[in-house]
J.: 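Below you will find the structure I want to go over with you.
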Protein chains: 2
Amino acid sequence: MTVTLADVAARARVSPATVSRVLNGNYPVAAATRERVLKAVDELDYVLNATASSLAAATSDLVGILVNDIADPFFGIMAGAAQGAICESASGRAGGEKLAVVCNTGGSAERELTYLTLLQRQRAAAVVLTGGALEDPGHIAAVAAKLARLAEAGSRIVLCGRPALPGDASVAALAFDNRSGARRLTEHLLALGHRRIGYIAGPADRTTTRHRLEGHREAMAAAGLAGDAEGQERATLHGPYDRRCGYDAALELLRRDPELTAIVAANDTIALGACAALRDQGLRVPDDVSVAGFDDLPFSVDAVPGLTTVRLPLYEAGARAGRLAMGTEEPPPGGVATIAAELMVRGSTAGPRARP
Amino acid sequence: MTVTLADVAARARVSPATVSRVLNGNYPVAAATRERVLKAVDELDYVLNATASSLAAATSDLVGILVNDIADPFFGIMAGAAQGAICESASGRAGGEKLAVVCNTGGSAERELTYLTLLQRQRAAAVVLTGGALEDPGHIAAVAAKLARLAEAGSRIVLCGRPALPGDASVAALAFDNRSGARRLTEHLLALGHRRIGYIAGPADRTTTRHRLEGHREAMAAAGLAGDAEGQERATLHGPYDRRCGYDAALELLRRDPELTAIVAANDTIALGACAALRDQGLRVPDDVSVAGFDDLPFSVDAVPGLTTVRLPLYEAGARAGRLAMGTEEPPPGGVATIAAELMVRGSTAGPRARP
DNA sequence: GAGAACGTAGAAAGCGCTTACTGACGTCGT
DNA sequence: ACGACGTCAGTAAGCGCTTTCTACGTTCTC
């Protein structure tokens with residue numbers, strides 16, 4: 001029924017071992033024999049059975065890339081870059097093609113662990129985890145344990161845009177400098193003269209959310225605007241990284257402080273939702289309220305006005321993570337590299353102006 | 001070293017067969033025995049080796065989802081929905097978890113075939129192909145052949161947002177009604193009174209591009225505005241589905257016909273790029289030039305002005321494709337379902353007005 | 001109370017590959 | 001001319017599971 005290595009061997013009048021060696025190119029085979037085998041492969045339209053190969057060789061050609069939300073370009077860009085780099089790294093050696101697969105956790109702790117187990121089942125060659133982590137201690141421990149087992153079993157682990165694991169230098173980590181990016185963004189607003197600044201923070205239980213919020217508060221504190229804990233809470237709203245959250249939160253911030261002159265959002269999508277809300281309230285950006293985002297996603301430059309934001313080199317980081325996963329790039333010293341963020345000032349921020 | 005089924009069996013004092021049966025839940029095992037086995041699994045932190053399982057059972061828990069561009073939410077939304085549906089369908093049966101993996105072809109014919117081969121190697125349980133196909137006859141034939149071999153080997157094949165394969169009803173296809181969506185969009189512009197309409201079409205060699213362009217031209221022809229072939233060519237520009245293309249093409253269309261009053265783009269991303277170009281030229285949307293897109297991606301509603309576009313139920317289609325891939329939904333009669341598109345009129349289109 | 005029927009578990013034969021190990025030739029140095 | 005060596009190919013032993021077939025109590029059934 002299905003054609004196997006043995007069928008190819010029979011047709012080429014060689015032993016199965018020889019066919020295997022031709023296909024894997026890891027052992028000298030005489031040119032004439034090789035030709036004969038290749039011809040048989042072609043004629044029978046034979047495709048190696050990866051499950052059998054992996055089992056026998058105790059290797060795998062699967063590389064997993066975990067993302068929180070595949071519909072979000074933030075992850076799409078990183079994942080695409082990683083996948084590209086993996087294909088590229090693999091194309092060198094014969095038969096070394098890796099199947100780079102992206103797994104969408106939807107931000108769910110359970111799904112993340114399920115995927116990790118599935119990848120472990122598959123004895124994946126490497127796994128790349130992108131984006132911020134959930135800050136539940138139990139979950140962090142569970143993930144760390146899983147990653148340790150994976151690493152033990154020979155999988156390469158790479159974190160991309162995710163903080164390094166506490167106390168594990170064996171895992172390469174590419175961490176975004178969210179904190180100082182956020183700090184610089186808020187400093188920019190403060191320098192323009194804003195004092196009443198609202199912050200829309202993203203989901204409360206994620207590292208990315210926390211780091212950006214900390215950066216923002218650092219800047220506020222440095223300007224003597226920290227306020228008390230309650231005041232901070234009042235000026236900060238949490239919610240998912242989507243436009244709806246930005247829309248609703250902007251309305252709520254405005255309700256809490258009608259004199260607000262600026263809104264900083266934890267990502268561009270939220271920021272754009274906030275802009276829409278302001279517009280619907282008859283407020284102009286930046287004339288009445290300045291708005292800033294984070295990430296510099298492709299559509300942010302085309303927003304009207306262009307969105308002031310913090311640029312993260314998502315593509316470069318993803319590609320580097322892919323190379324790290326393939327072992328074609330040296331891990332950073334200490335296992336951790338911090339990726340700098342760059343402030344992008346566009347039209348959505350300007351000096352404050354009293355509203356009539 | 002690595003713990004195997006046999007280790008678990010030894011510790012639970014049962015045979016390997018029993019452990020396998022407990023783990024797969026496909027055979028009666030006494031409750032007490034099951035407990036003992038589960039305890040041993042837990043204590044040894046054992047994880048099934050999927051390569052061995054797949055080899056022995058001649059099955060696979062891999063489902064591949066092919067996308068053209070993972071960074072594009074058009075694909076991200078479909079892929080995420082499909083992946084969700086697959087997880088959901090799988091969660092019922094014990095051990096039935098599928099590893100839904102998305103593969104990014106980058107729109108390259110070569111990568112598409114490579115991934116298909118890799119998936120075939122893995123004996124994937126199903127493969128979902130999303131988005132338009134490349135219209136190179138050689139490539140189409142190669143893909144059709146690969147899919148035939150995959151189907152023959154027992155993989156379920158589902159096309160999502162991709163036209164049905166010529167002459168193969170065994171493959172379920174969810175085809176978007178791009179043609180009539182585009183027709184209705186252009187009719188809307190014509191009804192507003194536009195006569196000089198430019199079209200930015202996307203990459204020349206893709207089915208989606210062609211179908212949308214055909215719909216547009218149908219509407220133009222029905223209004224007696226078909227013009228000759230040369231005129232059509234002049235009013236149509238091709239390029240990638242990105243903002244840059246939209247920006248450049250809008251400039252070029254304007255150069256070719258300064259009296260242009262409307263631009264229709266083959267997708268929202270292009271449309272937004274076109275809006276940016278118009279703005280940079282000092283032209284207002286929709287006052288000076290109306291702009292329309294296609295897809296209704298999440299950010300289109302927040303564009304300023306809101307983008308008139310054609311809504312495709314990407315999420316629903318992706319989820320349905322996922323269920324089809326899992327066999328939890330009946331394939332449509334004849335193997336093909338056409339997914340309707342809905343016109344979304346927003347602020348970016350209005351009646352033409354002579355420019356000073 | 002004998003035999004059928006049932007529920008549960010083990011033995012063992014693969015699944016389709018990879019890869020030591022082994023062997024058959026030539027070729028080369030001396 | 002002879003042994004040492006290098007090159008290429010075959011043999012066969014698994015890799016870690018699944019599953020068929022068999023076996024051994026129990027519980028019914030008449």
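Just so it is clear: chains get the letters A, B, ... in the order the sequence lines come, proteins before strands, and each one is counted from 1. As the structure is a computational prediction, the values presented were derived from the model and not from experiment.
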J.: Considering residues at least two apart in sequence or located in another chain, which fulfil the side-chain hydrogen bond (donor to acceptor under 3.5 Å, both in side chains) criterion with B:D45?
T.: A:R149

J.: For A:L23 and C:dT19, give me the distance from atom CG to atom C1', rounded to whole Å.
T.: 15 Å

J.: Quick one, A:Q83 with B:C103, criterion side-chain contact (heavy atoms from CB on, under 4.5 Å). Give me CA distance, side-chain angles, the key distance, then yes/no.
T.: CA-CA 8 Å; A:Q83 198 155 28; B:C103 307; 4.3 Å; yes

J.: Are side-chain heavy atoms of B:V29 and B:V37 found at a separation under 4.5 Å?
T.: no

J.: Just how far is it from atom CD of A:E330 to atom CG of A:L324, taken to the nearest 0.5 Å?
T.: 9.0 Å

J.: Does some side-chain heavy atom of B:Y46 sit less than 4.5 Å from a side-chain heavy atom of B:L5?
T.: yes

J.: Can you list, in residue-number order, the parts of residues 26-45 of chain B that come under 4.0 Å of DNA chain D, counting heavy atoms only?
T.: B:N26

J.: Between the opening five pairs and the closing five pairs of the helix from C:dG1-D:dC30 to C:dT30-D:dA1, how far apart are the helix axes, to 10°?
T.: 30°

J.: Return the set of residues passing side chain to side chain contact (heavy atoms under 4.5 Å, CB included) with A:S108 (not counting sequence neighbours), or none when no residue passes.
T.: A:E110, A:R111

J.: Using a heavy-atom cut-off of 4.0 Å to chain A, what are the terminal contacting nucleotides of DNA chain D, in 5' to 3' order?
T.: D:dC8 to D:dG16

J.: Apply side chain to side chain contact (heavy atoms under 4.5 Å, CB included) to B:V336 and list each qualifying residue two or more places apart in sequence or on a separate chain.
T.: B:A164, B:A173

J.: Please determine whether side-chain contact (heavy atoms from CB on, under 4.5 Å) holds for the pair A:L116 and A:L66, giving the CA-CA distance in whole Å, both sets of side-chain angles, and the decisive distance to 0.1 Å.
T.: CA-CA 9 Å; A:L116 248 19; A:L66 262 61; 3.7 Å; yes

J.: Go through the structure and list residues passing salt bridge (Lys or Arg N to Asp or Glu O under 4.0 Å) with A:E112, not counting sequence neighbours.
T.: A:R162

J.: For B:T18 and B:S15: C-alpha separation, side-chain torsions, deciding distance, then whether side-chain hydrogen bond (donor to acceptor under 3.5 Å, both in side chains) applies.
T.: CA-CA 5 Å; B:T18 302; B:S15 71; 3.3 Å; yes

J.: Any residue in residues 113-120 of chain A with a heavy atom nearer than 4.0 angstrom to DNA chain C? Just list them by number, or reply none.
T.: none

J.: Quick check against the 3.5 Å criterion: does B:R123 have a side-chain atom that pairs as donor or acceptor with the backbone of B:Q120?
T.: yes

J.: Heavy atoms within less than 4.0 Å of DNA chain D: which residues of residues 7-21 of chain B have one? Give them sorted by number.
T.: B:A17, B:S20, B:R21

J.: Taking the side chain as C-beta and beyond, is there a heavy-atom pair between A:L119 and B:L99 under 4.5 Å?
T.: yes

J.: Not counting sequence neighbours, which residues clear side-chain hydrogen bond (donor to acceptor under 3.5 Å, both in side chains) with A:R21? List them please.
T.: none

J.: For B:A151, give me all partners under side chain to side chain contact (heavy atoms under 4.5 Å, CB included), at least two apart in sequence or on another chain.
T.: B:I157

J.: What residues, two or more places apart in sequence or in another chain, satisfy side chain to side chain contact (heavy atoms under 4.5 Å, CB included) together with A:R11?
T.: A:A40, A:E43, A:L44

